[in-house]
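Quick note: residue numbers are just sequence positions, from 1.
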Amino acid sequence: MRTHTHILELMSLWQGALQKLQVFLVETKSQFSSAALFYFCFVPSPACKDLVAATRDRKLNTFIQISVVHPAEHILTRYSSTEIVEGTRDPLFLTGVTFPPEYPIYEETKIKLTVYDVKDKSQDTVSRSFLGCTTFRVGDLVKSKEQQLTLTLRTSDGGKTVGTIEVNLVKMGELEDGETDHITTDTQDQKCALVRECTATEGISGKDNLPSLNAVLKNPICKLYRFPTSDNKWMRIREQMAETTLSFHVPKELINLHIKEDMRRNQELKDLGELAPHWDNMRRSVIAHCDQMLSMYQDTLAELGKHTGSSFKSSCSKGEKTLEFIPINLHLQRMHVHSPRLKDALYDVITVGAPAAHFQGFKNGGLRKLLSKFEAERRNTGYQCIYYSPENTAKAKEVLSNINHLQPLISSHADLLLNSASQHSPDSLKNSLKMLSEKTELFVHAFKDQLVRSALLALYTARPGCVLKKPAVPRNTAEEGDDLQHQDHPSQIKRQDSIPHHSEYDEEEWDRVWANVGKSLNCVIAMVDRLLEKDNISHIKEGENDPSCALDFGDWYEQLYPLVITLKDCMGEVVTRAKQSMAFVLLQELACGLPQCLMLTLRRDIVFSQALAGLVCGFIIKLHTGLHDQGFLQQLHTVGLLVQYEGLLSTYSEEAGMLEDMAVGISDLQKVMFKVIEAKSEDFLPIITGRREHYIIEVQLPAKMFELLPQEIKEGKLLRMYPVLFNVGINEQQTLAERFGDTTLQENINQENLELLKEYYKLFTEKMPPDCLPHFQEQNDLKGLLENLHQNIQAKKRKNVEIMWLAATICRKLNGVRFTCCKSAKDRTSMSVTLEQCSILRDEHQLHKDFFIRALDCMRSRQTQGALNESDDPETGCLTDNKPTSRHFYPVALLLVSSHLLVVWLILSLALLLAKYQ
């Protein structure tokens with residue numbers, strides 16, 4: 001049993017090997033303090049000089065460990081490390097070490113730099129030997145003449161000199177003297193330099209952004225690099241990752257809206273009035289199930305209200321029921337690039353686990369399959385209810401929403417009209433009448449739909465004592481018609497695809513009730529016009545000193561009051577009938593699929609909640625970044641915002657279900673619109689309103705930032721979102737899917753979203769001037785990229801990562817928001833993001849071609865995260881590294897070439913493990 005347990009544990013180690021970097025970043029705790037505006041950063045540059053090895057002929061594999069000695073505690077705390085540079089005694093370090101704003105760094109704080117030689121990385125433990133160390137005070141560096149220190153490396157006893165280290169103080173965005181000089185190619189002249197960076201946490205966007213950004217971002221983790229360019233100069237890169245409070249805020253707001261919406265729906269079902277026994281029993285069953293689901297939402301909201309931990313959900317919690325509405329590992333990944341001759345640039349990617357219902361599982365697939373199957377069953381199975389299409393049920397919900405929104409407004413404007421009449425204020429009376437007329441016209445047009453009329457007839461047939469004189473013959477088949485010939489008794493009523501016609505029902509009654517609202521409004525308008533006309537005449541006669549003018553001056557309130565009451569009564573009659581008819585439609589929707597209908601609604605709410613939290617975060621970050629970009633702001637309110645999701649899920653096993661969930665959740669984001677408002681308090685968190693079919697996210701900005709917006713946005717124009725998803729499975733499970741499974745799901749999703757992307761590009765070219773934004777000056781490039789993307793999707797090539805790169809490039813050129821998603825936003829996501837960042841540095845900022853792989857290794861290295869075992873003595877020479885043996889991994893890369901090696905890999909790995917533990 002013990003051997004078996006070891007085998008299982010070790011076989012699972014490879015799965016988490018690459019996640020070490022991301023996990024450590026995610027789980028490091030810090031505070032995003034607006035009071036502390038500066039990072040304290042060291043960047044190793046260019047190299048150590050004349051390092052002494054134990055064996056003269058041996059080349060060194062070195063890294064520098066940074067430790068901190070706090071003045072009050074006198075305790076050495078290991079903080080972080082550089083990357084490992086192999087095969088040289090004059091190593092060139094590229095990685096920096098960053099202290100976050102709240103970290104206690106003072107002038108008396110001492111920094112200890114320790115250089116190690118790594119002898120063997122291939123075994124379960126990384127063997128290292130101590131070479132030398134040095135210590136300096138922060139105050140000495142800050143007060144030095146050129147803000148530079150040259151330090152000597154010595155052995156642990158302080159005797160022998162083993163090399164030198166140079167420490168510099170540098171600001172991000174500035175070049176020191178000598179920084180523009182060419183990098184020497186003679187390694188003998190290089191020294192190991194550590195650079196301190198002082199830079200504001202908000203980066204380029206300005207200090208005014210801090211309060212609103214701090215409301216949504218927290219616990220930033222920063223890394224600093226210095227890479228050579230192709231013309232032998234240095235560029236600096238600050239990589240920052242931050243959590244977001246929106247991970248919990250958005251789901252809680254959304255669940256609260258779901259609760260209110262469901263409570264209204266349940267009350268509307270109860271207000272249907274008296275129904276025949278069959279329909280009444282159906283209503284009772286539906287309400288019972290809805291109450292149970294409502295209780296579940298309330299319990300979930302209560303549990304989330306108790307949450308006091310981190311501001312994100314880690315991957316190990318993805319199966320917890322109380323956290324199923326929360327996105328997995330939602331973070332902002334930002335790269336700030338400062339090049340010697342190019343303008344500073346920001347590149348943002350939102351990383352998040354694929355929106356999916358992990359707790360509910362994927363045994364029967366995801367939402368895409370489940371919704372299609374459920375709709376087919378509703379159509380083809382004989383339920384004891386009336387079938388309404390998804391479009392009709394959505395229309396019914398829209399009508400109910402319009403009623404709940406417009407009725408209070410009309411009533412309020414009617415009261416304002418009477419108040420203006422009582423004050424005899426002509427101008428106020430005109431304005432009140434204008435608002436009342438506009439809202440009443442919207443109210444009347446909301447019911448110009450055949451669905452309301454047909455639903456009223458269906459509801460009439462469901463009342464007690466109603467007997468159909470003509471049997472209803474469905475349009476589908478004659479067989480269904482035979483089944484419905486004997487439905488006089490409630491227990492024999494079957495599903496009906498067409499609304500039955502009843503000879504005693506007056507279909508014109510609804511038209512009369514509906515038209516009465518308009519007639520009543522016309523009466524009010526005519527009376528106001530008459531009163532205003534008399535008022536004008538009376539003023540004229542007063543000017544002529546005509547004593548008969550008082551005879552034309554009546555009491556406006558008394559003359560308007562009965563007309564306004566009639567308008568309210570007519571409107572109340574329409575509301576009662578329309579509400580009941582639309583509630584009856586919803587009753588059919590729920591009754592036709594209990595309990596599957598409610599469970600699918602729950603699953604869709606869960607997936608949408610996760611997707612929406614990421615979208616809100618991405619929109620807020622993009623808005624802050626582009627506040628000074630007038631072209632982007634014009635694009636935002638004229639066309640809308642492109643939101644591109646990069647999916648790395650396979651189409652095999654459970655991940656296929658996750659992809660189906662994710663596709664529906666991202667598609668549902670099309671019903672979300674944003675509105676930017678001026679904040680009235682210090683609470684900058686977004687406000688969410690609406691219902692399941694339509695949400696409005698109100699983003700709050702401080703007054704100074706709000707004034708930078710175009711007038712259209714400041715006036716409350718709703719901003720549209722255009723989400724697109726492109727997925728390419730890249731792991732070994734995708735190899736199995738391509739060899740033995742099915743990739744149709746991925747192909748269909750990519751093709752569908754390509755059409756959406758083309759639609760957005762078409763809208764942009766029609767509505768925006770060609771020279772609006774710098775990116776758009778090369779329209780032919782965008783056309784070529786879209787055509788290339790189309791060809792790659794049509795090619796159906798295995799693991800075609802070119803699709804990902806093309807989609808990401810198009811998104812950046814169209815000023816969109818980038819998302820990268822895999823199962824948990826760890827392994828595949830971190831690999832994708834770091835590759836994208838290095839590719840951008842190469843293509844946009846002239847990263848030296850010989851340093852591309854090294855730059856990639858620096859960004860991916862666990863060593864640079866300070867992931868050291870705290871129990872190890874820094875000078876004992878042995879560091880435990882919790883990663884699996886590299887020999888267990890060599891077949892995995894081959895699996896990307898041929899899945900036929902899968903069996904061979906399993907056998908060899910099992911044999912090695914058995915041999916080790918026997």
Side-chain angles (χ1 to χ4, degrees), residues 257-258 261-262 264-266 268-269 282 286 289-290 293 355 357 364-403 446-459 474-476 480 494-499 578-579 581-609 611-612 660-673 690-695 723 748-749 752-753 755-756:
L257 287 178
H258 293 332
E261 182 180 349
D262 291 349
R264 284 196 304 267
R265 178 198 59 198
N266 291 358
E268 288 162 356
L269 292 176
M282 180 185 294
V286 167
H289 281 86
C290 290
M293 193 63 64
N364 298 315
L367 275 172
R368 192 177 171 104
K369 180 186 293 183
L370 292 173
L371 290 171
S372 177
K373 181 180 178 181
F374 175 72
E375 187 59 31
E377 289 178 350
R378 286 186 62 203
R379 284 180 174 273
N380 301 324
T381 306
Y383 291 101
Q384 295 186 358
C385 60
I386 301 171
Y387 173 78
Y388 288 95
S389 66
E391 293 77 17
N392 280 334
T393 55
K395 181 64 178 178
K397 294 174 183 177
E398 182 182 353
V399 171
L400 286 171
S401 176
N402 288 334
I403 292 173
F447 304 110
K448 287 185 65 174
D449 196 285
Q450 181 62 30
L451 177 63
V452 179
R453 183 179 287 102
S454 62
L456 281 169
L457 173 57
L459 178 59
R475 300 174 183 174
N476 287 353
E480 287 190 18
K494 299 294 182 180
R495 178 175 101 13
Q496 304 168 17
D497 284 319
S498 61
I499 304 302
K579 267 192 172 184
S581 64
M582 295 299 95
F584 189 74
V585 173
L586 299 186
L587 175 63
Q588 308 310 308
E589 178 199 28
L590 294 169
C592 283
L594 284 177
Q596 294 91 338
C597 180
L598 292 177
M599 293 306 298
L600 282 176
T601 300
L602 171 62
R603 188 183 189 103
R604 200 165 187 170
D605 288 345
I606 290 170
V607 174
F608 179 75
S609 172
L612 182 63
E660 290 177 346
D661 275 358
M662 182 180 180
V664 174
I666 291 174
S667 177
D668 284 346
L669 293 176
Q670 297 180 54
K671 60 191 179 185
V672 177
M673 303 188 82
R691 52 188 174 84
R692 283 184 174 89
E693 279 68 34
H694 180 67
Y695 290 101
N748 291 341
I749 289 174
E752 292 166 7
N753 286 272
E755 298 304 319
L756 294 175

Item to check | pair Val286-Leu269: side-chain heavy atoms closer than 4.5 Å | outcome: yes
Checklist entry - Should the pair Tyr695 and His258 be assigned to parallel (<30°), tilted (30 to 60°) or perpendicular (>60°) ring geometry? => result perpendicular
Item to check | Validation row: Lys579, Leu400 side chains within 4.5 angstrom (heavy atoms) | outcome: yes
Checklist entry - With a 4.5 Å heavy-atom cut-off, do Val607 and Met662 have their side chains touching? => result no
Checklist entry - If you round to the nearest 0.5 Å, how far is CG of Asn753 from CG of Asn748? => result 11.0 Å
Item to check | CG on Leu756 to CD1 on Ile666, rounded to 0.5 Å | outcome: 11.5 Å
Next on the checklist: Let me confirm one number: the CD1-OG1 distance from Ile606 to Thr601, rounded to the nearest 0.5 Å.
Outcome noted: 11.0 Å
Item to check | Worked verdict on Asn402 versus Glu398 for side-chain contact (heavy atoms from CB on, under 4.5 Å) | outcome: CA-CA 6 Å; Asn402 288 334; Glu398 182 182 353; 3.9 Å; yes
Checklist entry - Arg453 versus Leu457: any side-chain heavy-atom pair under 4.5 Å? => result no
Checklist entry - Where do Ala455 and Val585 come nearest, in terms of heavy atoms and distance? => result CB-CG2, 3.7 Å
Checklist entry - Going by heavy atoms in the side chains, are Ser401 and His694 under 4.5 Å from each other? => result no
Item to check | Heavy-atom pair with the smallest gap, counting every atom of Arg265 and Cys290 | outcome: NH2-SG, 3.3 Å
Checklist entry - Can you tell me how far CG of Asp262 sits from CZ of Arg691, rounded to the nearest 0.5 angstrom? => result 13.5 Å
Next on the checklist: To the nearest 0.5 Å, what is the distance between CD on Glu391 and CG on Leu451?
Outcome noted: 11.5 Å
Checklist entry - What is the minimum heavy-atom distance between Ala357 and Asp661, and which atoms define it? => result N-OD2, 3.1 Å
Checklist entry - Is there a side-chain contact between Val672 and Phe608, using heavy atoms and a 4.5 Å cut-off? => result yes
Item to check | Main-chain N/O of Ala578 paired with Ser581 side-chain donor or acceptor, under 3.5 Å | outcome: yes
Checklist entry - Could you state the interatomic distance from CG (Asn266) to NE2 (His289), rounded to the nearest 0.5 Å? => result 12.5 Å
Checklist entry - Any Lys/Arg nitrogen of Lys373 or Glu660 sitting under 4.0 Å from an Asp/Glu carboxylate oxygen of the other? => result no
Next on the checklist: For Phe584, is there any backbone N or O sitting under 3.5 Å from a side-chain donor or acceptor partner on Gln588?
Outcome noted: yes
Checklist entry - Does the pair Asp605/Arg692 count as a salt bridge with the N-to-O cut at 4.0 Å? => result yes
Next on the checklist: Checking the side chain of Ser372 only, and the main-chain atoms of Arg368 only, is there a donor and an acceptor separated by less than 3.5 Å?
Outcome noted: no
Next on the checklist: Does this structure show an ion pair linking Glu589 with Lys397, if we count only N-O contacts that are shorter than 4.0 Å?
Outcome noted: yes
Checklist outcome for this item: Heavy-atom closest pair (Gly665 atom, Ala611 atom, distance to 0.1 Å) is O-CB, 4.0 Å
Checklist entry - Which atom pair, heavy atoms only, marks the closest approach of Glu268 to Ala583? => result O-CB, 3.8 Å
